[in-house]
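All residue numbers refer to positions in the sequence shown, counting from 1.
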Amino acid sequence: QLVWTQRFIGPTNNRAALMTFIENPQNGRYMVFGTINPAPASGLGCDAIFLQFDPNTGVLLDDQAYNLGSCENFSRTILWQNDLYHVGRYNFAGGGENKFRPGLTKMGLNGVEDWSRLYLVDVAANFNARLYVSGIVPEGNTLTMAGFGDPDGTAIDDVNLYIYQTDLDG
């Protein structure tokens, strides 16, 4: 039996993908993370998204978009040592698939960003790469991430797999 359902539509969330679902240990709210592409989509309008819902009714309690530079997503989120760590495809360079980089963001349970970092290939004008990160595993004081992409261009048929590790400060 379906207890409740909520549908969210409108000019700010007409193309969204929700990727990770976590219960907030401080207040019991459901936190959902992913990506949102506001209308009108100009190619630079996609942002990472953080939503909080009432677990009893599905009512949206908080809706935050994160524009970290151009076009970002939170593809996976983990709760580790009372902080949220997000990995995803970030684009700090202002647009273009050739500036997609694997990123890591740390934030508190209130949705306030502590920091964000890019990895593997510089976003400088002369460094083209199309890279993604799709997984994160915490252990002790480290985070291990895995991803894929073209470190030398934007090809979708010349893809490397990679794994890397950081400390909790990125």
Side-chain angles (χ1 to χ4, degrees), residues 12-22 31-51 63-170:
T12 61
N13 58 357
N14 63 345
R15 284 177 293 231
L18 303 178
M19 310 295 214
T20 306
F21 189 88
I22 298 173
M31 301 181 295
V32 184
F33 309 92
T35 189
I36 193 165
N37 197 341
S42 65
L44 302 176
C46 49
D47 296 323
I49 188 79
F50 168 40
L51 307 172
D63 177 353
Q64 298 181 49
Y66 298 88
N67 181 342
L68 305 172
S70 176
C71 186
E72 299 75 35
N73 69 28
F74 292 148
S75 58
R76 293 291 178 268
T77 299
I78 60 167
L79 175 62
W80 186 247
Q81 299 180 4
N82 289 317
D83 288 307
L84 297 167
Y85 291 90
H86 311 278
V87 295
R89 182 217 62 232
Y90 296 0
N91 188 344
F92 281 53
E97 294 173 350
N98 64 328
K99 299 303 177 200
F100 286 176
R101 299 296 187 267
L104 173 64
T105 295
K106 178 184 176 184
M107 74 173 50
L109 294 171
N110 59 358
V112 174
E113 178 185 353
D114 292 329
W115 50 257
S116 292
R117 312 258 194 270
L118 297 177
Y119 297 97
L120 305 181
V121 177
D122 193 345
V123 292
N126 57 335
F127 292 106
N128 291 328
R130 185 177 181 172
L131 300 169
Y132 303 83
V133 59
S134 54
I136 181 171
V137 176
E139 184 176 346
N141 291 320
T142 63
L143 303 168
T144 303
M145 289 150 278
F148 60 96
D150 181 356
D152 302 309
T154 60
I156 59 172
D157 59 354
D158 183 19
V159 173
N160 295 329
L161 305 176
Y162 55 86
I163 189 166
Y164 58 100
Q165 188 174 77
T166 72
D167 62 21
L168 296 179
D169 293 322

Point-to-point distance, once rounded to the nearest 0.5 Å, from CD1 of Ile136 to CD of Gln165: 10.5 Å

Side-chain donor/acceptor of Arg101 to backbone N/O of Leu120, under 3.5 Å: no

Side-chain donor/acceptor of Thr154 to backbone N/O of Asn128, under 3.5 Å: no

Euclidean distance, Met19 CE relative to Phe74 CZ, rounded to 0.5 Å: 12.0 Å

By side-chain hydrogen bond (donor to acceptor under 3.5 Å, both in side chains) - contacts of Thr105 (at least two apart): Tyr90, Ser116

ring-ring contact (aromatic ring centres under 6.0 Å, His included): pairs with one or both residues in residues 136-158, sequence neighbours excluded: Tyr132-Phe148

Heavy-atom donor-acceptor pair, Asn141 side chain to Asp167 backbone, under 3.5 Å: no

Intermediate values then yes/no, side-chain contact (heavy atoms from CB on, under 4.5 Å), Val87 and Ser134: CA-CA 7 Å; Val87 295; Ser134 54; over 6 Å; no

Qualifying residues under ring-ring contact (aromatic ring centres under 6.0 Å, His included), relative to Phe21, sequence neighbours excluded: Tyr30

Main-chain N/O of Thr35 paired with Asn73 side-chain donor or acceptor, under 3.5 Å: no

Non-hydrogen side-chain atoms of Leu104 and Trp115 separated by less than 4.5 Å: yes

Side-chain (Trp80) to main-chain (Gly140) donor-acceptor, under 3.5 angstrom: yes

Side-chain donor/acceptor of Tyr164 to backbone N/O of Gly147, under 3.5 Å: no

Inter-residue atom distance Asp152.CG - Arg130.CZ, 0.5 Å rounding: 14.5 Å

Exam field: side chain Thr77 to backbone His86, donor-acceptor pair closer than 3.5 Å: no

Test item: Arg117 side-chain N/O and Asp169 main-chain N/O as donor-acceptor pair under 3.5 Å: yes

Distance, nearest 0.5 Å, that separates CG of Leu84 from CD1 of Ile78: 9.0 Å

